[in-house]
Amino acid sequence: MTESFASFAALLLALHFAAAVACGLAAMWLIRGGRTGLPARIPVLVALLAMAMWAGSVAASGPWSLASCIAESVRNIALVILIHRLFDTAGQRLSLRPIVIVLVGVELVQAMMAILTVLYAPEGSMVMHVSFILRMMVAVGALLLVHNLYAGAGAENRTGLRPIIFGLAGIWAFELNFYVISFLADGPAMEVAAFRGLVLALGALGLILGSRPDAAPIQLRPSRVAALQTISLVLVGCYLIAMIALAELLALFDGDGARLAQVGLLSGAIVLGLIWLPSQRVRALVKVVALKHFFQHRYDYREEWLRFTETIGSESTAESTLNVRILKAVADITDSRSALLFLADEDGRFLEAGYVGQLLASEPGASIPAELALVMETEGDIVDVDAIRAGKDRSGESAHLPDWIRADARCWAIVPLMHFERLVGAILLARPAEERELDWEDFDLLKLVGRQVASYLSEQAGHEALTQSAQFDQFNRRIAFVMHDIKNLASQLNLLASNAERHAEKPAFRADMLITLRTASAKLQNLIDRLGGYRSGQDGTPEPVSLHEVLSHVGKRFESGHQLDIAAPENCIVHAHQEALTQALIHIVQNAFDASEDGVPVNIEVTTDGLQARIEIIDSGEGMDAEFIRTGLYRPFVSSKNGGFGIGAFEARELIRAMGGRMEVTSRKGLGTRFVIILPLSAAAGLLGATHAHEEQQTTPIEKVA
């Protein structure tokens, strides 16, 4: 036994002497210049000097001398400060100062305990056990700091950080195991203590290899969940260590009273744990305090704003419209996989206006009810769909949430787009890939982004209005040229008519007259082609019109070369202008045939409900997306056909509106389009007119949004 102890003592002396030399050389290398770009150069230098001092003390006077115990405390404090400095240099998000202060304080107490142990306490005494426990606490705390330092570093930065992390982790892991074994063995484990110098030398090598002067500062992204679990683990560990320390303290007293006190202490601790741990209120309070004092905000607002403005301002492809860029920018903030935009149309309805990702709407023509839009406009709050599903209702939005949003588990939140206290639209966000609840930071940031998005949309609407006004001016100028040509033709024809009365019998005059008529006819036809059949509208009062007769006339108009299937009752009388209704139907049917392949029929179906007639024009053509329906279909001079004026759908809608009806459209790309014209029946026209007048007086501001 004596020979074995002597062998371990010799090994301990040799390894600690070598460690002292290695740490000293590394420190001298840094002092003489070394890698001057090392971010934490001074703390690394101090740590190396402290490590060399401790290793030299152990080699000179043994591991349990007073000088060695004090040097070990100095070494531990230097290593803890080094870890804290690495966090500061790396731009950490955890506030580590309270943890570092606690660890340094424990180490100072440990130094005092070590002095008592060396001077007064025999081996295996209570003071030595408490000293071992304090050493274990410092080792556990340091390992947790090292773990968070490594886990928070991005993958691109871990390569340069890995040597120094492994060096520190190796030192503290070995120290923890050494003191656990010593605590269980009621005394220092000499077999393990002999190798502490070797581990320290390897740790010093890691500190040197991890110095990279040319590396950029490491940006940390620690996980909140992992950090909160780490804090919980530290609290539980401190609780258990406190219980062990109290139990050991009570063991100093003899008799049944000590046993009774130990049992009572254990029972009280169990009862306290059962009462405190399941409390949701206490857990929530601890979580809020931890997030508030140990973390910065969830979002890096500078980065989020830069990314938002970059996404809004960049247009990588021609198809990247403002609506799509807005949806992508907002969805990127919450990492949502899909987003759906609703914008107000001229009738104040909030209809689908575009989407990114998977389409959240189950049916075409999805919309937000006017009641829900009014609640969002009044309150200006984010609609938390999950909270509504859980039965929480803050402002009465639960009663108006559409069933298709409530039933779709992907729907997560509705962001109102407010501009000057007026709701201009809303964005439905899908649930992010990482399941989580909306919190106050989400509400604040999304509300701010919603207002910014609303300003972009309002600015675009104003720009489009100015552009449309300029196009009308240009069109008026074109009409002036057309009128000039018509005037010339009219003068030419008038002259021809007056000369015909005097020279009609002359063969040469008749030949010239035919040439003039052909030329005038060609010019008129050219003007008609240029106008594209545009008419300004119809005047007069609506009257009873047979819908069957109107559709028969439309059918004859397209009977050559097209297949138009009409299903309409013969006795359907509507309140309308016959010529205007015919012209509107011709426009829509012609567009349907233009969008369909040759030989594919277009269907017209008429139904009534006793008050109104519903005319549906259905085709199986190319279809339109929600963006074009909202911004291009009814916009004059925007046409998908080469050479078209783009005023057919616009004129058709205006003609229908002038008759007291309305026109709706639903479409999907690649599936086709359905135009719906709704007109009052002649017998119910008076009743509907009175009802509409009453509704106009009761209309809320949200329903009058144009």
Side-chain angles (χ1 to χ4, degrees), residues 93 151-152 154-155 219-229 284 287-288 290-292 294-312 314 320 323-342 352-362 366 368 372 376 380-392 394 397-398 401-402 404-417 425-454:
R93 293 189 178 185
Q219 298 297 325
L220 299 183
R221 298 182 293 272
S223 168
R224 288 188 173 208
V225 176
L228 287 174
Q229 292 175 351
K287 182 177 180 180
V288 170
L291 292 177
K292 183 176 180 180
F294 288 91
F295 298 94
Q296 291 182 348
H297 298 297
R298 175 194 302 276
Y299 299 103
D300 186 333
Y301 293 97
R302 177 180 176 276
E303 292 183 1
E304 294 294 342
W305 197 251
L306 288 175
R307 182 174 62 178
F308 174 81
T309 54
E310 182 179 357
T311 304
I312 293 294
S314 63
S320 182
N323 289 359
V324 173
R325 298 197 303 273
I326 284 174
L327 288 173
K328 187 178 185 307
V330 177
D332 286 345
I333 293 176
T334 56
D335 295 327
S336 297
R337 292 167 288 188
S338 305
L340 179 62
L341 177 64
F342 299 94
E352 174 192 343
Y355 68 94
V356 293
Q358 295 180 347
L359 181 61
L360 296 176
S362 57
I368 291 180
L372 179 59
M376 289 193 294
D381 293 332
I382 308 296
V383 178
D384 188 345
V385 180
D386 282 344
I388 293 177
R389 294 191 184 105
K392 301 177 183 178
R394 293 190 301 172
E397 65 272 12
S398 177
L401 188 69
W404 65 271
I405 295 180
R406 192 190 301 266
D408 194 341
R410 297 174 299 171
C411 299
W412 190 49
I414 304 178
V415 181
L417 308 180
I427 295 177
L428 174 62
L429 292 175
R431 192 179 306 279
E434 179 183 355
E435 292 286 342
R436 65 179 180 86
E437 297 180 356
L438 289 163
D439 58 20
W440 63 271
E441 284 193 71
D442 296 313
F443 292 143
D444 289 347
L445 182 56
L446 290 177
K447 188 180 297 185
L448 176 63
V449 169
R451 289 185 176 275
Q452 187 67 23
V453 165

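Just so you know, these numbers use all the heavy atoms, side chains as well, and skip hydrogens, waters and symmetry mates.
Side chains of Ile382 and Pro416 form a contact here, defined as non-hydrogen atoms less than 4.5 Å apart. The side-chain heavy atoms of Leu446 and Leu429, taken from C-beta on, include a pair separated by under 4.5 Å. You'll find the side chain of Val385 stays beyond 4.5 Å of the side chain of Trp412, heavy atoms only. Residues Asp384 and Glu437 are not in side-chain contact: their nearest non-hydrogen atoms beyond the backbone lie 4.5 Å or more apart. Contact check for Leu417 versus Leu341: side-chain heavy atoms found under the 4.5 Å cut-off. Side-chain contact between Val415 and Val449: absent, with no pair of heavy atoms (C-beta onward) separated by less than 4.5 Å. The shortest side-chain heavy-atom distance between Trp440 and Asp444 falls under the 4.5 Å cut-off. Two residues are said to be in side-chain contact when any heavy atoms from C-beta on lie closer than 4.5 Å; Leu438 and Phe443 meet this criterion.
Taking a 6.0 Å sphere around CZ of Phe342, one finds it holds more than 12 heavy atoms contributed by other residues, nucleotides or ligands. Within a 6.0 Å sphere centred on NZ of Lys328, heavy atoms belonging to other residues, nucleotides or ligands number 12 at most.
Separating the CG atom in Asp386 from the CD atom in Glu435 is a distance of 8.0 Å, to the nearest 0.5 Å. Separating the CG atom in Leu372 from the CG atom in Leu401 is a distance of 6.5 Å, to the nearest 0.5 Å. With values rounded to the nearest 0.5 angstrom, Leu428 atom CG is found 7.5 Å from Ile368 atom CD1. Between atom CG of residue Leu327 and atom OG1 of residue Thr311 there is a gap of 12.0 Å, rounded to the nearest 0.5 Å. The CD1 atom of Ile388 sits 7.0 Å away from the CD1 atom of Ile414 when rounded to the nearest 0.5 Å.
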- Can you check side-chain contact (heavy atoms from CB on, under 4.5 Å) on Ile312 and Gln452, steps first, answer last? CA-CA 11 Å; Ile312 293 294; Gln452 187 67 23; over 6 Å; no
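Taking 4.0 Å as the cut-off between side-chain N and carboxylate O, Glu310 and Arg307 do not count as a salt-bridged pair.
Formation of a donor-acceptor pair under 3.5 Å by the Arg431 side chain with backbone atoms of Ala409 is found in this model. Ser336 contributes a side-chain N or O that, together with a main-chain N or O of Ala430, makes up a donor-acceptor pair within less than 3.5 Å. A donor-acceptor pair under 3.5 Å is absent between the side-chain atoms of Arg394 and the main chain of Ala387, judged by distance alone.
Arg389 approaches Ile405 most closely through the heavy-atom pair NH2-O, 3.2 Å. Heavy-atom minimum distance, Gln358 versus Ser338: N-OG, 2.9 Å.
For Trp305 and Phe308, the gap between ring centers is short of 6.0 Å.
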